[in-house]
Amino acid sequence: SITAGALPGGPAIATWHIGPHDRLGEAYARVGAWLQEHNREPNGASWEAYYWLDLSQDRGEPSVPDSTDWRTRLIQPIK
């Protein structure tokens, strides 16, 4: 099912995580450290953008690259 939604506008910080998602917590820790160091607060939930998925190449059985090459962008809106 498809659900419509909207992302909030305004300032945000972002970081990259390269590698498998079982280590994605490292990126979240960097965001948390930055927020604390700069005395800023999150403005809602963060989101992740996956740059290792290429849906245009799906010709049946999905081809997933090796997880060491996964590129994930973590975006955190801030107050």
Side-chain angles (χ1 to χ4, degrees):
S1 106
I2 298 174
T3 304
L7 297 174
I13 59 172
T15 189
W16 283 101
H17 171 73
I18 311 298
H21 285 175
D22 63 352
R23 297 186 60 192
L24 195 55
E26 297 169 8
Y28 281 96
R30 285 194 305 275
V31 167
W34 188 95
L35 290 169
Q36 189 170 33
E37 181 180 328
H38 292 88
N39 199 28
R40 300 295 295 262
E41 294 181 37
N43 188 17
S46 61
W47 66 88
E48 300 166 4
Y50 308 109
Y51 289 87
W52 52 272
L53 297 173
D54 186 356
L55 300 178
S56 69
Q57 300 300 316
D58 186 8
R59 308 221 192 309
E61 194 65 31
S63 174
V64 177
D66 184 273
S67 65
T68 59
D69 295 328
W70 290 0
R71 294 174 52 234
T72 305
R73 186 84 165 161
L74 174 61
I75 301 107
Q76 174 63 66
I78 58 175
K79 293 181 182 179

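Residue numbers start at 1 and run along the sequence shown. Given the structure is predicted, the values throughout are model-derived calculations rather than measurements.
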| query | Minimum heavy-atom separation for W16 to R71, with atom names? | reply | CH2-NH2, 3.4 Å
| Which atom of S46 lies closest to which atom of P77, heavy atoms considered | CA-CD, 4.3 Å
| task | Could you check whether the rings of H21 and W70 sit parallel, tilted or perpendicular, using 30° and 60° as the cut-offs? | result | perpendicular
Rounded to the nearest 0.5 Å, what separates atom [atom1] in [X] from atom [atom2] in [Y]?
| X | Y | atom1 | atom2 | value |
| --- | --- | --- | --- | --- |
| H17 | Y51 | NE2 | OH | 15.0 Å |
| L35 | I13 | CG | CD1 | 4.5 Å |
| W34 | R40 | CH2 | CZ | 5.5 Å |
| T15 | R73 | OG1 | CZ | 7.0 Å |
| T72 | I18 | OG1 | CD1 | 7.5 Å |

| field | Counterpart residues, salt bridge (charged side-chain N to carboxylate O under 4.0 Å, His left out), relative to R23 (two or more places apart) | value | E26
| message | Between Q76 (side chain only) and G44 (backbone N and O only), is there a donor and an acceptor less than 3.5 Å apart? | response | yes
| remark: Across all chains, not counting sequence neighbours, the ring pair (Phe, Tyr, Trp, His ring centres under 6.0 Å) partners of W47 are none
